[in-house]
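Beneath this line is the structure, given in structure tokens, with notes to follow.
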Amino acid sequence: MEFPKFLLGDNTDYPSAIFIIHTEYPRFIINLENDEVEWLEDFTKDDEKELETEAEGLIQDATDFYDREIARYED
């Protein structure tokens, strides 16, 4: 089964949190409430250098995904 690139997550233990799950490499979960990112991968030093440039774009993509989803709910 193929999953979407981003998923919207909810958890009643964190009522004000808005979780976006990135399902492709590098996998991560971001809480848009506080911009905390939890990476679901183990990175080497070389990976970390590459990730520095890629992370900002991925986080912006996650935020754009959320904005698009909310706009669709409002329609």
Side-chain angles (χ1 to χ4, degrees):
M1 177 177 187
E2 188 172 323
F3 292 103
K5 183 175 182 176
F6 292 104
L7 299 170
L8 184 58
D10 188 26
N11 188 304
T12 57
D13 291 334
Y14 303 90
S16 61
I18 301 166
F19 296 106
I20 304 297
I21 302 100
H22 182 251
T23 63
E24 297 176 357
Y25 183 86
R27 297 171 302 146
F28 64 87
I29 300 170
I30 183 171
N31 180 351
L32 295 181
E33 175 188 33
N34 58 15
D35 292 332
E36 184 178 330
V37 176
E38 179 69 29
W39 297 98
L40 305 175
E41 311 287 355
D42 293 324
F43 299 110
T44 66
K45 290 289 184 191
D46 290 336
D47 290 339
E48 289 176 8
K49 289 178 186 176
E50 183 179 322
L51 185 62
E52 287 176 16
T53 59
E54 188 177 350
E56 187 175 317
L58 289 172
I59 291 168
Q60 183 60 53
D61 289 349
T63 302
D64 293 345
F65 163 78
Y66 174 75
D67 291 343
R68 187 191 77 202
E69 290 297 299
I70 294 305
R72 287 179 176 175
Y73 283 120
E74 293 172 353
D75 288 344

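Computed from a prediction, not measured in an experiment: that's the story for all the values here.
The CG atom of Asn31 lies 7.5 Å from the OG atom of Ser16; values are rounded to the nearest 0.5 Å. In this structure, Phe19 CZ and Glu36 CD are separated by 8.5 Å, a value rounded to the nearest 0.5 Å. Going from atom CD1 of Ile21 over to atom CD of Glu38 covers 12.5 Å, rounded to the nearest 0.5 Å.
Remark: Glu41 pairs with Arg27 by the side chain to side chain donor-acceptor pair (under 3.5 Å) rule, at least two apart or across chains.
For Gln60, the CD atom sits in a packed shell: over 12 heavy atoms of surrounding residues, nucleotides or ligands are nearer than 6.0 Å. By the neighbour-count criterion of 12 heavy atoms within 6.0 Å, atom CD of Glu50 is sparsely surrounded, having that number or fewer from other residues, nucleotides or ligands. By the 6.0 Å contact criterion, CG on Asp42 is open, its count of non-hydrogen atoms from other residues, nucleotides or ligands being 12 or less.
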### Query
After noting the C-alpha distance and the side-chain angles of Lys5 and Asp61, does the key distance pass the side chain to side chain contact (heavy atoms under 4.5 Å, CB included) rule?
CA-CA 10 Å; Lys5 183 175 182 176; Asp61 289 349; 4.2 Å; yes

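Between the side chain of Asp67 and the backbone N or O of Asp64, no donor-acceptor pair lies under 3.5 Å.
Counting Ile, Leu, Val, Met, Phe, Trp and Tyr side chains that sit under 4.5 Å apart, directly or through other members, Trp39 shares a hydrophobic cluster with Phe6, Leu8, Ile18, Ile20, Tyr25, Phe28, Ile30, Leu32, Val37, Phe43, Leu51, Leu58, Ile59, Phe65, Tyr66, Ile70, Tyr73.
Nearest approach of Glu54 to Pro26, heavy atoms of both residues: OE2-CD, 3.8 Å.
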